[in-house]
Number of protein chains: 2
Amino acid sequence: METSRQTEQQQAAERRREELLRAADRVVLREGPDASMNAIAAEAGITKPILYRHFGDKSGLYRALAERHTDALVASLRDALDTPTGRRERVEAALDTYLAAIEARPQVYRFLMHPAEDSRAPERDFEVGRHSAPLLRRLGEELAQVVDERVDLGPGGALLARTWGHGIVGMMHAAGDWWLRERPCSRAELVQSLADLLWGRLAAAADRLGGPGL
Amino acid sequence: METSRQTEQQQAAERRREELLRAADRVVLREGPDASMNAIAAEAGITKPILYRHFGDKSGLYRALAERHTDALVASLRDALDTPTGRRERVEAALDTYLAAIEARPQVYRFLMHPAEDSRAPERDFEVGRHSAPLLRRLGEELAQVVDERVDLGPGGALLARTWGHGIVGMMHAAGDWWLRERPCSRAELVQSLADLLWGRLAAAADRLGGPGL
DNA sequence: ACTGCGAGTTACCGAAAGTAACATCAGTCG
DNA sequence: CGACTGATGTTACTTTCGGTAACTCGCAGT
């Protein structure tokens, strides 16, 4: 019975891989995204070449690691966007979900934002533009899809939805990053402020007296 | 006359520093943000230790380099925001200025977004949060200041302005990054889409038929 | 001529990614 | 039983790069 043995081995490799990822997770949580391959291997109780056999190179490992966390975050964001309430409430719920996640585990969040993909891709025409974190791209695309599914934006709506998806995610990211560093207000207040921005309060506000407004 | 000699030498050092920065600029433009110190030194016609004498370490050099470009970008953004027209026109002008800049010199832009500041700060409590590019922080603060100066946001307006400053810059950044990678539309169209987002068009849009809207 | 100082060099260290070559132990087939 | 295969693991190496120590050289000022 060779096929069953083959699958057995594949399953074993899969489990091993999971275990290695969990070890890597621990190290990244403890030492930050600049953890060395040696450190990760040591945490897993093995040595470097095995990591390389499983993940190819450091980007491979990090990609696999990021995928797990990203999937989890995307899932909770989808939940937030799926609650049957008004649009504003859902946007607020999504913002709050994201912010709660980065607040709860800032190291993971920082790791996910790391480009960290020097990716062996020498054919790239000087890799213009490809530098934003995979997490941001993924979230942007996900949000774009949700917007396009549920909001009627007329002709050209699909493109508009994608633009907004990436834009809103970027807004959330940058504001969240700033908020996490300076903690200038509560999470709820930040959520309100950002939702207000998306709801056009900047456009509606009055100019300051004494000069032309922004 | 010892003081004059001292200033002469300081001026000479300053010029040297400028020249080194220009060389570094060329290398970064040619090889991307991962250029080695050796390469930069070679381009400047000298060797590594001199770079270290002038800039301390790699982060120091990169910080100095980033400052130049950031200053330039901030200046043109301020110009765009200072044209005496309506608020929407100014926002569009600022967006277009930023996008034109990253379109014209994507390598520089990519370099500026690089965290690249391992900064000798071991006292940090695990450097939570401090990971966004200095350029983004700076732009966020600048925009916050402009908004707070010119728009009347009522009580708590200063905090709101800062939140929005960082949020809008993040939106611009993420959308610009995506646009640069995929080029899904013209620059003008992107500007319009983003301005529409800021003007509350998401909030105003109708739900899609057949289900609850976002 | 002597001294001190700043610019510059060579030659090195240490850390980290990635790899080659070897060792070991399982089960498979003659 | 004994050789073959393949996965798992190791040690020890190479390369690259940031950073530094120690030395040299030229030049102003006394």
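So that the names make sense, note that chain A is the first sequence line, chain B the second, and so on, each numbered from 1.
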Rounded off to whole Å, could you give me the [atom1]-to-[atom2] distance for the [X] and [N] pair?
{"X": "B/Y52", "N": "D/dC17", "atom1": "OH", "atom2": "C1'", "answer": "8 Å"}
{"X": "A/N38", "N": "C/dA15", "atom1": "CG", "atom2": "P", "answer": "11 Å"}
{"X": "B/I46", "N": "D/dG19", "atom1": "CD1", "atom2": "P", "answer": "15 Å"}
{"X": "B/I40", "N": "D/dG18", "atom1": "CD1", "atom2": "C1'", "answer": "12 Å"}
{"X": "B/L51", "N": "C/dG8", "atom1": "CG", "atom2": "C1'", "answer": "12 Å"}
{"X": "B/I50", "N": "D/dC25", "atom1": "CD1", "atom2": "P", "answer": "16 Å"}
{"X": "B/K58", "N": "D/dG18", "atom1": "NZ", "atom2": "P", "answer": "4 Å"}
{"X": "B/H54", "N": "C/dG6", "atom1": "NE2", "atom2": "P", "answer": "12 Å"}

* What nucleotide, of D/dT11, D/dT20, C/dA16, holds the atom closest to the side chain of A/S36? ->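 Out of D/dT11, D/dT20, C/dA16, the nucleotide with an atom closest to A/S36's side chain is C/dA16.
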* Member of A/V28, A/D25, A/L135 meeting the side-chain contact (heavy atoms from CB on, under 4.5 Å) criterion with A/H69 ->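 Exactly one option meets the side-chain contact (heavy atoms from CB on, under 4.5 Å) with A/H69, and it is A/D25.
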* Please state whether the rings of A/Y109 and A/Y98 are parallel, tilted or perpendicular, taking 30° and 60° as the class boundaries. =>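 A/Y109 and A/Y98: perpendicular rings.
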* Asked: Does A/R53 have any side-chain hydrogen bond (donor to acceptor under 3.5 Å, both in side chains) partners at least two apart in sequence or in another chain, and if so, which?
  ->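 Here no residue qualifies.
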* B/T47 side-chain N/O to C/dG8 phosphate OP1/OP2 under 4.0 Å ->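 Negative; the distance criterion is not met.
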* Determine whether any donor atom in the side chain of B/K48 lies under 3.5 Å from an acceptor atom in the base of D/dG19, or the reverse, and answer yes or no. =>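 Such a pair exists between side chain and base.
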* To do: Examine the base of D/dG9 for any acceptor or donor lying under 3.5 Å from a partner atom in the side chain of A/R53, and report the outcome as yes or no.
  =>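 Side chain to base: pair found, below 3.5 Å.
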* To do: Report yes or no: does A/R162 contribute a side-chain atom to a donor-acceptor pair with the main-chain N or O of A/E141 at less than 3.5 Å?
  =>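 No, the answer is negative, given that no donor and acceptor are paired below the 3.5 Å cut-off.
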